[in-house]
Amino acid sequence: MKLILLGPPGAGKGTQAKRLEEAHNLIQLSTGDMLRAAVAAGTEVGVKAKTVMEAGELVSDEIVVAIISDRLDEDDIKAGFILDGFPRTVAQARALDGLLADKGMMLDAVVEMQVDDEPLVGRITGRYTCAGCGKGYHDTFEKPKKDGVCDKCGSTEFKRRADDNEETVRSRLAAYHAQTAPLLPYYESRGVLKSIDGMADIEDVTGQINEVLKGI
Ligand code: ADP
Ligand code: ADP
Ligand code: ZN
């Protein structure tokens, strides 16, 4: 199965992608995670991306398309993947169409997670992840069962993203509406767009996505 999760920052793409990975044996392909790894490693791409990401703007199409193209050449994704945070512009969507055609792959569905803007600010400013295994949490909406201890790996170290502050979130939302929302009609016209209610609670959203997947 080859899926795209589409939605603004904080819509729940990463949360649901991780759940789908486990339940359906798919691989999450998050350009945000790949870029953050490049920033942490101090690569040439990382150096270029750092300031753009801190400002809440989009990294160039050229950089992210190159990253995804390389990743799609690896063997582990052959059984299926979930794109999380890519494509984010119509140019990226067109490039992806070309890459998939070259590699003989087809998209099964683009799942749009419909959410209101205002609650996203609270979702993002309350977001943190386990430093050990990467599991995502939220100060209010998804706390570990035992305070300060990761449910999945037992780590007691957690981290927050540099760009998860209110000011940057506003820029990221503006970038979504201006540059990413045009992907909705793009995929709608190709007959692959499925929309779900991303305002429901986490478990319910997973259920809605599973319903969509049953139908394809
Ligand atoms: P995205 O990958 O789309 O930016 P995340 O999956 O990281 O979003 O979710 C952002 C934050 O909101 C996380 O802290 C997560 O725990 C929380 N969250 C995700 N889905 C929901 C939901 N349906 N209801 C409430 N909080 C959620
Ligand atoms: P979120 O889902 O919370 O917005 P991501 O982890 O997907 O966050 O992205 C974080 C940042 O990385 C974005 O604000 C942007 O600067 C950069 N980025 C990630 N994916 C892309 C992409 N496909 N195109 C351009 N920039 C990207
Ligand atoms: Zn953990």
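Residue indices begin at 1 and follow the sequence shown. What's counted below: heavy atoms across the whole structure, side chains too, no hydrogens, waters or symmetry copies. We count ligands from 1, going down the list as the structure has it; atoms in each ligand are counted the same way.
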Just which atoms of ligand 1 are under 4.0 Å from any heavy atom in [X]?
| X | result |
| --- | --- |
| Tyr137 | 13 (C), 14 (O), 16 (O) |
| Asp201 | 23 (N) |
| Glu142 | 16 (O) |
| Phe141 | 25 (C), 26 (N) |

Salt bridge check: are [X] and [Y] linked by an N-O gap of less than 4.0 Å?
| X | Y | result |
| --- | --- | --- |
| Lys18 | Glu22 | no |
| Asp139 | Arg127 | no |
| Arg19 | Glu203 | yes |
| Lys135 | Glu142 | yes |
| Lys146 | Asp151 | no |

Report task. Give yes or no for whether the N/O distance cutoff of 3.5 Å, strictly under, is met between Ala200 and ligand 1. Result ->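 Indeed, backbone or side chain, Ala200 has an N or O that close.
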Query raised in the report: Does Tyr128, backbone or side chain, put an N or O under 3.5 Å from an N or O of ligand 1?
Result: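 No, no N or O pair falls under 3.5 Å.
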Query raised in the report: In order of chain and number, which residues sit within 4.0 Å of ligand 2 by heavy atom?
Result: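 Around ligand 2, where the cutoff is 4.0 Å for heavy atoms, the contacting residues are Pro9, Lys13, Thr31, Gly32, Leu35, Arg36, Met53, Glu57, Leu58, Val59, Val64, Gly85, Phe86, Arg88, Gln92, Arg127, Arg161, Asp163, Arg172.
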Query - Nearest heavy-atom neighbours spanning Val212 and Lys194 - result: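 Nearest pair, atom of Val212 first, then Lys194: CG1-CG, 3.6 Å.
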Quick check: are there more than 12 heavy atoms from other residues, nucleotides or ligands sitting under 6.0 Å from [atom1] of [X]?
| X | atom1 | result |
| --- | --- | --- |
| Lys48 | NZ | no |
| Glu62 | CD | no |
| Asn25 | CG | no |

Requested in this report: Measure from NZ or CZ of Lys143 to the centre of the six-membered ring of Phe141 and say whether it is under 6.0 Å with the direction within 45° of the ring axis.
Outcome: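 No, Lys143 and Phe141 do not form such a contact.
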**Report entry** Test side-chain hydrogen bond (donor to acceptor under 3.5 Å, both in side chains) applied to Arg172 - qualifying residues, sequence neighbours left out
**Finding:**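 Applying side-chain hydrogen bond (donor to acceptor under 3.5 Å, both in side chains) to Arg172 gives Asp164.
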Sequence neighbours left out, cut at 3.5 Å: what donor-acceptor pairs do the side chains of residues 74-85 make with other protein atoms?
from, atom 1, to, atom 2, distance (Å)
Glu74, OE1, Arg71, NH1, 3.3
Asp75, OD1, Lys78, NZ, 3.0
Asp76, OD1, Arg71, NH1, 2.9
Asp76, OD2, Arg71, NH2, 2.7
Asp84, OD2, Gln28, NE2, 2.9

Query - Sub-2.8 Å protein N, O or S atoms surrounding the Zn ion (ligand 3) - result: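 The answer, once waters are left aside, is Cys130 SG, Cys133 SG, Cys150 SG, Cys153 SG.
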